Amino acid sequence: MRGIIEVYKGDITKLDCECIVNAANSSLLGGGGVDGAIHRAAGPELLRECRGLGGCATGQAKITKGYKLKAKYIIHTVGPVYFACDRPAELLTDCYRNSLELAAENGIHSIAFPGISTGVYGYPVSEAAPIAAAAVQRWLNENSGYDMKVIFVCFDDISYNLYKDIIKV
Ligand code: ADP
């Protein structure tokens, strides 16, 4: 397999892969958007585990079990708030790289990302998508001996078409 990138349109909580990534906030105690959907789908045990993690800094990532999800693991990463941040591109890159690093450390070979920061955190998807794609591609190149399937999960047609165009699949 080695490095594979796919683009998928739909609800990340329904995905059948080893790990899904949550666009969390720094408390890791749940929120709206994809974070709320993941907590609802995984069930209350997720919040219990998250309470013990002590939060997460922007650009960093932490792992939990997937509980009621099909995914065995959830990686929680905190994206930058676009207008409140001096270097959003760097921190967004960190989210993707640190999530992939943590996934590989845990022996994970398939991981699905939502559009981190592109909801409430205000990152324009037209800017965020190429950053996400470049960060993932770079990690796959640097770890070419490791089998990893990366799925970009898009929630609407605009981002789906954008990712399709960038990834050329
Ligand atoms: P952030 O606070 O990082 O901006 P949001 O949850 O507000 O996170 O949005 C991140 C992205 O996730 C947005 O593009 C939004 O459309 C998308 N999204 C929301 N719910 C889901 C879901 N169930 N599955 C996949 N993507 C989702």
Side-chain angles (χ1 to χ4, degrees), residues 5-44 46-47 50 53 55-100 102-103 108 110-136 149-167 169:
I5 301 180
E6 291 179 359
V7 184
Y8 173 86
K9 196 182 126 198
D11 182 348
I12 199 167
T13 64
K14 304 277 196 294
L15 230 64
D16 193 1
C17 65
E18 274 182 89
C19 174
I20 67 168
V21 176
N22 181 16
N25 59 52
S26 58
S27 76
L28 296 185
L29 299 180
V34 75
D35 194 4
I38 288 172
H39 274 269
R40 276 192 299 279
L46 173 60
L47 183 57
C50 283
L53 295 178
C56 184
T58 305
Q60 301 300 304
K62 295 204 174 168
I63 192 165
T64 65
K65 288 188 271 185
Y67 297 99
K68 288 186 187 164
L69 297 178
K70 282 187 191 148
K72 189 172 176 203
Y73 297 102
I74 303 166
I75 287 178
H76 306 261
T77 189
V78 182
V81 178
Y82 187 67
F83 291 109
C85 181
D86 288 340
R87 44 185 193 101
E90 258 176 67
L91 288 167
L92 191 61
T93 297
D94 288 348
C95 287
Y96 286 91
R97 293 186 63 79
N98 288 325
S99 296
L100 287 164
L102 189 55
I108 290 163
S110 62
I111 182 168
F113 284 96
I116 296 163
S117 285
T118 63
V120 175
Y121 281 8
Y123 219 121
V125 69
S126 57
E127 284 181 41
I131 292 166
V136 166
K149 178 161 91 172
V150 178
I151 306 162
F152 286 116
V153 180
C154 302
F155 212 42
D156 57 65
D157 284 322
I158 292 174
S159 49
Y160 181 70
N161 292 329
L162 204 63
Y163 270 98
K164 280 285 209 190
D165 221 35
I166 293 166
I167 308 296
V169 285

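For ligands, and for the atoms within them, numbers begin at 1 and follow the listed sequence. Everything quoted here is computed from the prediction, not taken from an experiment.
- In this structure a side-chain-to-backbone donor-acceptor pair under 3.5 Å is present from Ser110 to Glu18.
- Atom 24 (N) of ligand 1 has its closest protein heavy atom at Ile12 N, 3.0 Å.
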Inset, instruction - Test Thr118 against Ser159 for side chain to side chain contact (heavy atoms under 4.5 Å, CB included), laying out the working first. - result: CA-CA 10 Å; Thr118 63; Ser159 49; over 6 Å; no

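- Under the 4.0 angstrom criterion for non-hydrogen atoms, Ala24 is not in contact with ligand 1.
- Other residues, nucleotides and ligands place no more than 12 heavy atoms under 6.0 Å from the CD1 atom of Ile158.
- No side-chain heavy atom of Phe155 sits under 4.5 Å from any side-chain heavy atom of Val125.
- Here the side chain of Ser117 pairs a donor or acceptor atom with the backbone of Pro80 at under 3.5 angstrom.
- The backbone N or O of Gly55 lies less than 3.5 Å from a partner atom in the side chain of Lys62, making a donor-acceptor pair.
- Closest protein heavy atom to atom 12 (O) of ligand 1: Val34 CB, 4.0 Å.
- Judged purely by atom type and a 3.5 angstrom limit, Asn25 uses its side chain to pair as donor or acceptor with the backbone of Gly30.
- Residue contacts with ligand 1 include Asp11, since one or more of its heavy atoms lies under 4.0 Å from the ligand.
- On a distance-only criterion, Gly119 and ligand 1 share at least one N/O pair closer than 3.5 Å.
- Residue Gly10 has at least one heavy-atom neighbour below 4.0 Å for each of these atoms of ligand 1: 24 (N), 25 (C).
- In terms of N/O distances under 3.5 Å, ligand 1 is approached by Tyr121.
- Set against the non-hydrogen atoms of Gly33, the atoms of ligand 1 under 4.0 Å away are 6 (O).
- To the nearest 0.5 Å, atoms CD1 (Ile38) and CD1 (Ile12) are separated by 5.5 Å.
- Inclusion of Gly122 in the set of residues having an N or O under 3.5 Å from an N or O of ligand 1 is not warranted.
- Evaluated by nearest non-hydrogen atom to atom 10 (C) of ligand 1, the leading choice among Gly79, Ala23, Gly115, Gly31 is Gly115.
- On a distance-only criterion, Phe155 and ligand 1 share no N/O pair closer than 3.5 Å.
- Distances from atom 3 (O) of ligand 1 to the heavy atoms of Gly36, Ala128, Ser117, Ala37 put Ser117 nearest.
- The closest protein non-hydrogen atom to atom 7 (O) of ligand 1 is Val120 N, 2.9 Å.
- Of the protein's non-hydrogen atoms, Thr118 OG1, 3.4 Å is the one closest to atom 13 (C) of ligand 1.
- Residues Tyr96 and Thr77 have side chains not in contact (no heavy-atom distance under 4.5 Å, counting atoms from C-beta outward).
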